[in-house]
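To keep things clear, I will list the structure first and then write my remarks on it.
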Amino acid sequence: MQELTTTRHNPQIDPTMHVWGWEIPVYLFLGGLVAGMMIISGYFIFSKRFKNKDCVTYTLPIISLILLSLGMFSLFLDLEHKFFVWRLYTTFKISSPMSWGAWILILVYPVIIANMLMDPPKFIASKFPQLHKIKDYIHERPALIQNIGVSNMLLGGMLGVYTGVLLSTMGSRPLWNSSMLWVLFLVSGLSTAAALVHMIAKDVDERELLAKADNGFLTIEIFVLGLLIIGLLTSSAVHINAAKLLIDGPYAPAFWVFVVGMGVVIPLIIQLLAVNHKIKHTPIAPIMVIVGGLILRFIIVQAGQYSHYLNAHFR
Amino acid sequence: MNSISRRKFLKITGFSVGAAAAATALSPMIKGANRINKEKVKGIQKIPTYCDICFWKCGTVAYLKDGELWKVEGHPNDPLSKGRLCPRGTGGIGAVSDPDRLRSPLIRTRERGEEVWKEVTWDEALGYIADKMQKIKTQYGPESVASFSHGIGGNFLKHTLKAYGAINFAAPSFAQCRGPRDVGFELTFGEAIGSPERTDIENAKCLVLIGSHLGENMHNTQVQEFANAVQNDASVIVVDPRFSVAASKAKYYLPIKPGTDIALLLAWMNVIVSEKLYDVDYVSKYGFGFEQFAAELSAYTPEWAYTETGIEPELIRASAREMAMHKPATLVHPGRHATWYGDDAQRSRAIALLNALLGSWGRKGGFFYPASYSLPGYPYPAYPTSTKEKLDNPGKKYPFASEEITTGIREATITEQPYPIKGWFIYATNLIHALPNQEETIKAIQNLDLMVVVDVIPSEIAGWADVVLPESVYLERYDDLHMSAFKETFIGIRQPVVESPADQKPNWWIAKKLAEKLGLGNYYPWNHVEDYLDHRLKAGGLSLEQLKKEGIIRGPKPPIYFEDGIVPEFPTPSGKIEFYSLQLQEAGFDPVPKFKRPEQAPSGYYRLLFGRAPVHSFSRTQSNRILMDMMEENEVWVNQDVAEKWGLKNAQHVRLKNQDGVVSNKIKVKVTERIRTDCVYMVHGFGHNSKMLKGAFGKGASDAGLVTKYATDPLMGGTGMNVNFVTFEMEA
Amino acid sequence: MARYGMVIDTKKCVGCMDCVVACKTENNVPEGHNRDWIVTVANGKFPDVNLEIQSQRCNHCDNTPCVACCPTGASHVHDVGGVVLVEHNMCIGCKACLAACPYDARFVHPDGYADKCTFCIHSVEKGELPACVSVCPTHCMYFGDLDDPNSEVSKLIASRKNHPLIPEAGTKPRIFYLT
Ligand SMILES: Nc1nc2c(c(=O)[nH]1)N[C@H]1C(S)=C(S)[C@@H](COP(=O)(O)OP(=O)(O)OC[C@H]3O[C@@H](n4cnc5c(=O)[nH]c(N)nc54)[C@H](O)[C@@H]3O)O[C@H]1N2
Ligand SMILES: Nc1nc2c(c(=O)[nH]1)N[C@H]1C(S)=C(S)[C@@H](COP(=O)(O)OP(=O)(O)OC[C@H]3O[C@@H](n4cnc5c(=O)[nH]c(N)nc54)[C@H](O)[C@@H]3O)O[C@H]1N2
Ligand code: SF4
Ligand code: SF4
Ligand code: SF4
Ligand code: SF4
Ligand code: SF4
Ligand SMILES: [Mo]
């Protein structure tokens, strides 16, 4: 028998690390969701669907702004030294995903706002009549619109990738230490975004398209999850132990039921049936995808903190 | 009032709720932290003093930063600490800031056991005590006030009590600690081991530890020297039923069945004698009765010992030969807390005899001849003489007791024989945790007319007092000069570093004021303890001013080994090392130790063993927030296989029930491969049930509470406490 | 330039925690928090047990994921001895560095900033030893410049069997345990 004892008893660290509670998973989830929505919105602009007055690209920016701000707020809530938050913007640290994230977010806002200005929501437009002029200015310039679309896709992509990179650069946490993590978070961002947009899109074509896209994303997600786990399982002992946390360890039930089952496989089946017109489109599948995406962030964040090099989870 | 039922006992052991509430109201957090060092000298100040978190008295330097107590370090010039304190000493500043500290004198307002107090002034408290003492004096005589006191701080109070006419003084350091050891060595070499121990661990080439768990037992110099011995590749041999930290450094680890050490010692000696590995010269020169001794040994073969101790004969032989190989620099450590099974003086004698065979007494790497600084005492008036005898050991029941027996005073207090004891004066000893069988202690207390406790925190014993006097902690007071006998001579001072935060007073002040109240002011010809100290120092050509500045003054370094000039002298009846003890024989005891098999545990029970954790001292540091932060509760060590049998999981809580049905607080299980299957182990001093000790209350379990049974050593009255058995009660 | 590191002799260490207490008082580490701590590793079956006691703290790694991930530059490598430090007033308390440390050596100070062992740089810069090293009653801890082949630490590493902690995490820790 090996007995390991430690006298350390630091809050948030012992007996197992739990520096991040609900705030970071929510932040990562919302970031991923917004990233996905930006990509979708940008794609709709880029692919000229914005010409359709009902195009969801006119609804998404305001939702994105709200969700992103909520995400940022929950990140802010997580900071322990809140008065010093401005320190994020007195420097740029090239090696720090967190710093990248801070600056990406600075760029993400104007890009979403540009998207929004293409047709400002009524409640804002009514207060600021000048916005009409901006709107007209934009619509007179197709190249600008193209750029707005492209930049939304680009920054959405960066945002989505960043939510995964933030964790995957942590070599200290074997579970996160996988190059598949950013792909997973990006794809999951896209699938949850597609699911959300699917629910709110007015245009039937768009809805159909999004459901199909979602099925694609979900399919990719299954593969990515598989690759992530296989990658860990074929690595060192600590990585194998980390993978086991999800496969048959303490996080396995939640992982298999909520993430794989209800978050991916079941909605995929439902939506496959729906796009093939075997059953009607209902919000059930999209909601499952969205909830699954949220739980995925929770599990990855929590299990990742639990996963450890020593694998000594002291009593 | 002489008998109390177990129910009553259990009830009153815990403070009643009302009492706790009242007590709480009296003990708000100490607000006075900002009163410390009023002038707030800017920058760093260093003030030398010596430590009092245990009785080792390490030289210390206290640091103040901008007038606030910052840290304490070892005094570099101190032969005991050598500039480094033990963890308890380092955490000693926590005693000053302990929020549970007593802050003003208290007088009990209700029946004993219902702990309700009122805060009073010093004048009232001392007046009350003096009054009761005068009554006891008239009614029973001054001998009927007894005192329990542990440590140097008690000196002044003892002086007052002696002036009053008291003659019964005892400390748990004899009958509950090192008494049997010192007696065993006195019977053999004519001299005791003393404290600090006269063991030359540092220079030992082979060190044998029989249950001495150095490294957990943190007596500073001992541990430092132990580490040096390990560094110097000394062969370490550890005998312990538990795989102690020391065991992990050992070349030979002997996982002995508890209580069978004498069998092992006899077998070791058998090997050494039969293989003629002993120091023949030394033994023939200094030994007495070797032939008879050797003849007795012949029966104790390693094969015989194996059946008793469970230790493989080959391991016994190999370790014996190892010892012999390194003689005379083989130190078979005499231990310190030796009160285990009631045959302890004889076990200690066996250890002494083994050392004698190896020729280590008086030799480098063995036992040195300690030297101490000497200063004349203060010229006080003579104490009154008494016609009565001390009553702790009536009729020399324990013929070889060389100090007073605490439990003897306790017994006399219960039986009122040979004469009644009506007052207890208790200084710095938590008798509830220190003496075996709490029921008897409480029974004795119920017989008193006056019980005074001088303490720094609301300990369990303070909870039973009529008057509680809050003392300043060591960093806030002067004490008597420190002149321990050790490898060289030195003198150290304890002086105040910070002010007491509330109405606490130093023992010298308390003792002097009480003497004045008793009309014994003439015994205190000095006004302030500084005058006393200066007077004594001047008599030795030193001054208080100098010592205050230097903290430690080192004196001459006389020879301490035979090889550098100590003349071998053995103040035994024969004037030699007594391999065969005629005085024991005459008193009806075994002249050569014999092994008697200890009582076995009932089935389903395990022998309860206990010891030290490096970060705590007995029952006195659990409310020190710095040390509590290191370890806030004790655990019960349970062997993996036993745990499996009981379905016990690591870190799960259980209660321990002993053979007499006493159930402990709940305690965490430590499932481990570091202990035998026939015993369990816990650290002493936890499981406080004084609710006023907010930081420590209810944390861990008390070994003392489970020690209801004890085996009295017939030679010297020591109370063997490793004779209790416990079983597990599951906690939901 | 010096590169400070520690060597700890597990043969002598008794796990007494004096190093932990000393760090508390020296650096006023708040109650319930540890900059250093003791890990005990016991292997085997009674009575054939093997014990290693390690006094652990931030390893002041050569490769510092904790510094790399810090978005503000609060976590940094100090000029003196390459000691890894946190500038309290620059720290936002994002805890990325806590998560990034494979040794879990960091914690959030109750005042909000990330905190950990500083190698007692305040003393070291004055030519003194770190508190934990200077109190250790068994003299089992050594501190010094790993780049200086003549330093006590370098010599011990060269002459005795030793191991750092979790080298596979790739941080190149600078505390070595003699066995
Ligand atoms: N069950 C059991 N019993 C034991 C032992 C054991 O291991 N288990 N060990 C035995 C041994 S070896 C010994 S030496 C004895 C020790 O026995 P004690 O010397 O009685 O030790 P403590 O239990 O720590 O009690 C010390 C008391 O002094 C108080 N005190 C601390 N500092 C000061 C101060 O500055 N001034 C005053 N006035 N009071 C102070 C503390 O608050 C505490 O109440 O116990 C013995 N009894
Ligand atoms: N940190 C710290 N250090 C201290 C103290 C303290 O309170 N705290 N107190 C000091 C004092 S006053 C004393 S007296 C000493 C006491 O310390 P020591 O004299 O070293 O030890 P004990 O308390 O007698 O014994 C505890 C050890 O004996 C083992 N043991 C139990 N039963 C047996 C047995 O039958 N045979 C053998 N061979 N071993 C057995 C236990 O497993 C344990 O390892 O510590 C001193 N040092
Ligand atoms: S051994 Fe430790 S607690 Fe005892 S006097 Fe020395 S430093 Fe203080
Ligand atoms: S102070 Fe020294 S002996 Fe004690 S635990 Fe720390 S490193 Fe080990
Ligand atoms: S031990 Fe952890 S905190 Fe310290 S330098 Fe290495 S990675 Fe950073
Ligand atoms: S918690 Fe502070 S030091 Fe750590 S990464 Fe965040 S800003 Fe840097
Ligand atoms: S070097 Fe200083 S800060 Fe680091 S653990 Fe030791 S005492 Fe604490
Ligand atoms: Mo003792």
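Since the model is a prediction, treat every value here as computed from it, not as a measurement. Residue numbers begin at 1 in each chain, while the letters A, B, ... track the order of the sequences.
No other option in C:Val20, C:Val41, C:Asp36 has as many heavy-atom pairs under 4.5 Å with chain A as C:Val41. Ranked by heavy-atom pairs shorter than 4.5 Å toward chain C, the options A:Arg87, A:His9, A:Met170 are led by A:Arg87. The candidate from A:Thr169, A:Leu75, A:Leu88 with the greatest count of non-hydrogen atom pairs under 4.5 Å with chain C is A:Leu88. With chain A as the partner, the residue from C:Ile166, C:Asn89, C:Val108, C:Asn50 showing the most heavy-atom pairs under 4.5 Å is C:Asn89. Residue with the most contacts toward chain A among C:Leu98, C:Val67, C:Leu165: C:Leu98 (heavy-atom pairs, distance under 4.5 Å). When each of C:Cys94, C:Ala99, C:Cys70, C:Gly170 is scored by its heavy-atom pairs under 4.5 Å with chain A, the top score falls to C:Ala99. Note: C:Pro102 leads C:Gly73, C:Pro102, C:Ala114 in heavy-atom pairs under 4.5 Å with chain A. Chain A forms the most heavy-atom pairs under 4.5 Å with one residue out of C:His109, C:Lys95, C:Gln56, and that residue is C:Lys95. Per-residue counts of heavy-atom pairs under 4.5 Å with chain C were compared for A:Leu167, A:Val19, A:Asn177; the largest is that of A:Val19. Looking only at heavy-atom pairs under 4.5 Å with chain C, the residue among A:Thr90, A:Ile24, A:Asp78 that has the most is A:Asp78.
No more than 12 heavy atoms of other residues, nucleotides or ligands shown are found within 6.0 angstrom of NZ on C:Lys161. Annotation for A:Phe73: atom CZ does not count as buried by contact number, only 12 or fewer foreign heavy atoms lying within 6.0 Å. Remark: A:Tyr89 OH is packed, more than 12 non-hydrogen atoms of other residues, nucleotides or ligands lying under 6.0 Å away. C:Lys12 NZ: more than 12 foreign heavy atoms inside a 6.0 Å radius. A 6.0 Å sphere centred on CZ of C:Phe176 holds more than 12 heavy atoms belonging to other residues, nucleotides or ligands. Taking a 6.0 Å sphere around NZ of A:Lys82, one finds it holds more than 12 heavy atoms contributed by other residues, nucleotides or ligands.
Only the backbone of C:Arg106 comes within contact range of chain A, with at least one heavy atom under 4.5 Å from a heavy atom of that chain. Only the side chain of A:Trp176 comes within less than 4.5 Å of a heavy atom in chain C; its backbone stays farther off. C:Glu168 touches chain A through backbone and side chain together, each having a heavy atom under 4.5 Å away. Proximity to chain C involves both the backbone and the side chain of A:Gln2, based on heavy atoms less than 4.5 angstrom apart.
Counting only heavy atoms from C-beta outward, the side chains of A:Leu4 and C:Val39 approach each other to under 4.5 Å. With contacts defined as side-chain heavy-atom distances shorter than 4.5 Å, the pair A:Ser172/C:Cys101 does not qualify. Contact of the A:Glu3 side chain with the C:Thr40 side chain is not registered, since no non-hydrogen atoms from C-beta on lie closer than 4.5 Å.
A distance of 11.0 Å separates OG1 in C:Thr72 from NE2 in A:His81, rounded to the nearest 0.5 Å. Residue C:Phe107 holds its CZ atom at 9.5 Å from CD1 of A:Ile13, rounded to the nearest 0.5 Å. The line from CG of A:Leu79 to SG of C:Cys91 is 9.0 Å long, rounded to the nearest 0.5 Å.
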>> Please evaluate residues C:Asp104 and A:Arg8 with respect to the criterion side-chain contact (heavy atoms from CB on, under 4.5 Å), reporting the C-alpha separation (whole Å), side-chain torsions for both, the decisive distance (0.1 Å), and the verdict.
In response: CA-CA 10 Å; C:Asp104 290 356; A:Arg8 191 181 62 204; 3.5 Å; yes

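The two residues C:Pro71 and A:Lys93 have their closest heavy-atom pair at O-CG, 3.7 Å. Between A:Ser95 and C:Ala68, the shortest heavy-atom distance links the atoms OG-O, 2.7 Å.
Between the side chain of A:Trp20 and the main chain of C:Ala96, no donor-acceptor pair closer than 3.5 Å is present.
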